[in-house]
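Read the structure below first, then the notes.
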Amino acid sequence: MEAQAQKAPTQAAYQAIRNRIDKLNELLNPKKTNQDKQLAEILPEGSIKELERRAQLLNDAIDTAVNGQVKLRKLDKYGHDKDKKGNPYFTGETVSEEEAYKRLEKIQDEIDSKRYKSNKDRLDETKTQFENYYSIASYYGKEIADKQYGPLVSKSKIILNMLITRLTLSKKELKQEKSFPSLIRNIWLYSEKKWIL
């Protein structure tokens with residue numbers, strides 16, 4: 001087609017051939033569009049991950065504050081906080097550094113609260129399972145309880161061994177430790193084949 005374009009009798013014929021060549025090149029080598037990019041993960045409002053993301057944006061904004069004024073930042077739909085040139089995306093809201101630190105502290109408190117609740121829920125569930133384990137073991141025998149709650153017991157032994165290693169307490173000190181959480185102490189006492197609640 002290039003040869004035909006060179007031999008074109010008129011400028012209009014040459015331009016028509018060039019347009020056809022350009023169209024064929026576009027079909028053979030399509031340009032990448034923004035639609036090919038992966039969209040940002042949509043996180044539930046108020047989840048720990050979303051709160052951490054907001055805290056990070058606020059930290060970045062505080063780090064680049066000018067004259068005590070903080071320009072709040074946001075993410076685009078692809079999850080980026082800056083454009084191709086490295087310019088941050090702003091929400092359009094400007095607050096004082098003091099207000100920004102208050103907001104950051106509030107977000108951090110919310111994150112800590114949610115983490116505490118989720119860990120507390122897990123511990124409460126584990127405690128309930130152990131109470132059920134002990135009651136089944138006392139009524140039906142240790143073998144049946146071990147079959148039903150086998151993963152719980154094996155997992156607790158692993159966690160207990162890690163705790164003992166970290167705390168570097170001897171077994172004698174562990175038995176006498178008053179401040180040691182009773183659930184973990186009960187697990188250890190069970191692992192030593194003693195039924196003390």
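The first residue in the sequence is number 1, and the count goes up from there. Hydrogens, waters and symmetry mates play no part in the numbers below; they use all other heavy atoms, side chains included.
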When rounded to the nearest 0.5 angstrom, what distance separates CD in E97 from CD in Q69? 8.5 Å
With the side chain counted from C-beta on, respond yes when R103 and V95 share a heavy-atom pair under 4.5 Å apart, and no when they do not. yes
Between D83 (side chain) and K85 (backbone), is there a donor-acceptor pair under 3.5 Å? yes
Can you confirm whether the side chains of Q108 and D112 place a donor and an acceptor under 3.5 Å from each other? no
Whether the side chain of Q15 engages the backbone of Q11 through a donor-acceptor N/O pair (distance < 3.5 Å, no angle test) should be reported. no
Please determine whether the number of non-hydrogen atoms from other residues, nucleotides or ligands lying under 6.0 Å from atom CD of E105 exceeds 12. no
Spell out, yes or no, whether Y101 and I107 are grouped together once hydrophobic residues are joined by side-chain heavy atoms under 4.5 Å, including indirect joins. yes
One thing to verify: whether E110 and K106 come together as a salt bridge, which I'm taking to mean a side-chain N less than 4.0 angstrom from a carboxylate O. no
Over all heavy atoms of both residues, which pair between V70 and I62 is shortest? Give the atoms and the distance, please. CG1-N, 4.0 Å
When rounded to the nearest 0.5 Å, the distance separating NZ of K102 from OG of S96 is 7.5 Å
Could you tell me which non-hydrogen atom of K142 sits nearest to which non-hydrogen atom of Y133, and how far apart they are? CG-OH, 4.4 Å
T64, N59, D60 screened by side-chain hydrogen bond (donor to acceptor under 3.5 Å, both in side chains) with R73, the one that passes: T64
Any chance you could measure L51, atom CG, to E45, atom CD, to the nearest 0.5 Å? 8.0 Å
Is there a donor-acceptor contact under 3.5 Å from the side chain of S113 to the main chain of D109? no
Verify the neighbour count for atom OH of Y140: are there more than 12 heavy atoms of other residues, nucleotides or ligands below 6.0 Å? no
Shared hydrophobic cluster for L57 and L104 (ILVMFWY, side-chain gaps under 4.5 Å): no
Spacing of E50 atom CD and E52 atom CD [to the nearest 0.5 Å]: 10.0 Å
Which heavy atom of A100 sits nearest to which heavy atom of L58, and what is that distance? O-CD2, 3.5 Å
Salt-bridge present (E143, K147; N to O < 4.0 Å): no
Spatial distance of atom CG (D22) from atom CZ (R20) [nearest 0.5 Å]: 11.5 Å
On a heavy-atom basis, the closest approach of L72 and A61 is CA-CB, 4.4 Å
Answer yes or no: is there a side-chain heavy-atom contact under 4.5 Å between L75 and Y89? no
Should the pair F130 and Y134 be assigned to parallel (<30°), tilted (30 to 60°) or perpendicular (>60°) ring geometry? tilted
